[in-house]
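Positions are given from 1 along the sequence.
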Amino acid sequence: LSIILLLLSVCTLNTYAQSERNNIRIGNVAYARQNFSEAETEYRKALAINKDNPQALYNLGCALMMQQKDSAAISYFQNAGKIETSKKRKAMSYHNIGAICQKHQLYAEAIEAYKEALRNNPADNETRYNLALCKRMRNNQQNNQQNKQNDSNNKDNSEEESKQKDKEQQKQ
C-alpha cells in the first residue's frame with residue numbers, strides 16, 4: 001500500500017513539473033512571436049504551479065518589460081535574482097533591472113544593478129559598458145543640476161543687486 005501511494009505521489013509531482021515546463025515552453029513560443037501578453041499569461045500559469053521557479057519569474061519579467069510594465073518587471077527580476085542558483089542567469093536578471101532603471105534615468109539604481117550583475121558574471125562586456133555609461137550619465141546629470149542651481153543663485157543675486165541699485169537711484 002505504501003509503495004502504491006509513493007508511486008501515485010511521484011506521478012502527481014511529475015505531472016505538475018511537466019505542466020509547469022509546458023507552460024514555460026508555450027510562453028517562450030509566444031514570446032518569440034512577440035505576443036508578449038500571451039507569453040505573460042503562460043508564465044503566470046507556470047508560477048501558479050510553482051511560485052519559486054526562477055526561469056518563469058525571469059521570463060515573466062522579460063514579457064512585462066516588453067509591454068512597458070517596468071515596475072512589475074523589476075519585481076519579477078528581483079525575485080528571480082534572489083532564487084536563481086546559476087550565476088549567469090542571476091546576472092541576466094540584474095542586468096535587466098539596470099536597463100530599466102537606465103531607461104528611466106535612475107542612474108544610481110542602474111549602477112547598483114549593473115554592479116550586482118557583474119559580481120555574478122564578470123565577463124559580461126555589455127553590462128560593463130552600460131555601467132560605465134550610467135556613471136557618466138549620472139555625473140552629467142549631477143553637473144547639470146549644479147549648473148541650474150548656480151544659475152538660479154546668480155539670477156537671485158543679480159535681481160537683488162538690481163533692487164539695491166534702484167533704491168540707491170531713488171535716494172539720489
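Atom-to-atom distance recorded for Phe36:CZ and Met66:CE is 4.0 Å, nearest 0.5 angstrom. Distance check: Asn59 CG to Tyr31 OH gives 8.5 Å after rounding to the nearest 0.5 Å. To the nearest 0.5 Å, atom CD of residue Glu42 and atom CG of residue Asn22 are 8.0 Å apart. The distance from atom CZ of Arg138 to atom CG of Asn140, rounded to the nearest 0.5 Å, is 11.0 Å. Distance check, rounded to the nearest 0.5 Å: CG of Asn50 to CG of Asn23 gives 11.5 Å. To the nearest 0.5 Å, atom CD1 of residue Ile97 and atom CD of residue Glu116 are 9.0 Å apart.
Side-chain N or O atoms of Arg128 include one that pairs as donor or acceptor with a backbone N or O of Pro122 at under 3.5 Å. A donor-acceptor contact shorter than 3.5 Å is absent between the side chain of Ser75 and the backbone of Ser71. Judged by distance alone, the side chain of Glu112 and the main-chain N or O of Ala108 form no donor-acceptor pair under 3.5 Å.
Applying the ring-ring contact (aromatic ring centres under 6.0 Å, His included) test to every pair with at least one member in residues 104-127, sequence neighbours left out, gives these pairs: His95-Tyr114. Pairs engaging residues 77-90 under the side chain to side chain donor-acceptor pair (under 3.5 Å) rule: Glu84-Arg89 [sequence neighbours left out].
Cluster membership check: Ile83 shares its hydrophobic cluster with Tyr43, using side-chain heavy-atom separations under 4.5 Å among Ile, Leu, Val, Met, Phe, Trp and Tyr. Side-chain heavy atoms closer than 4.5 Å link hydrophobic residues (I, L, V, M, F, W, Y) into clusters, and following such links, even through other members, never connects Tyr94 to Leu131. Taken together through direct or relayed side-chain contacts under 4.5 Å among Ile, Leu, Val, Met, Phe, Trp and Tyr, Tyr129 and Ile111 form parts of separate hydrophobic clusters.
Put simply, the side chain of Thr127 does not reach to within 4.5 Å of the side chain of Asn121, judged on heavy atoms. Considering only heavy atoms from C-beta on, Ile24 comes within 4.5 Å of Gln55 through its side chain. Between Ile26 and Lys45, every side-chain heavy-atom pair lies at or beyond the 4.5 Å cut-off. Residues Arg136 and Leu133 have side chains in contact (heavy-atom distance under 4.5 Å, counting atoms from C-beta outward).
In this structure, Lys103 places its NZ atom where more than 12 heavy-atom neighbours from other residues, nucleotides or ligands lie under 6.0 Å away.
Contacts of Asn96 classified as side-chain contact (heavy atoms from CB on, under 4.5 Å), with partners at least two apart in sequence or in another chain: Tyr58, Cys62, Met65, Phe77. Scanning for side-chain contact (heavy atoms from CB on, under 4.5 Å) contacts around Arg44 gives Glu40, Leu60, Leu64, Tyr76, with sequence neighbours left out. Remark: Asp124 engages no residue in a salt bridge (charged side-chain N to carboxylate O under 4.0 Å, His left out) (not counting sequence neighbours). Remark: Glu38 engages Arg33 in a salt bridge (charged side-chain N to carboxylate O under 4.0 Å, His left out) (not counting sequence neighbours).
Counting all heavy atoms, side chain and backbone alike, Gly98 lies closest to Ala113 at N-CB, 3.5 Å. Pairing each heavy atom of Ala56 with each of Ala46, the nearest pair is CB-CB, 4.1 Å. Closest non-hydrogen pair, Ser93 versus Gly81, comes out as OG-N, 3.9 Å.
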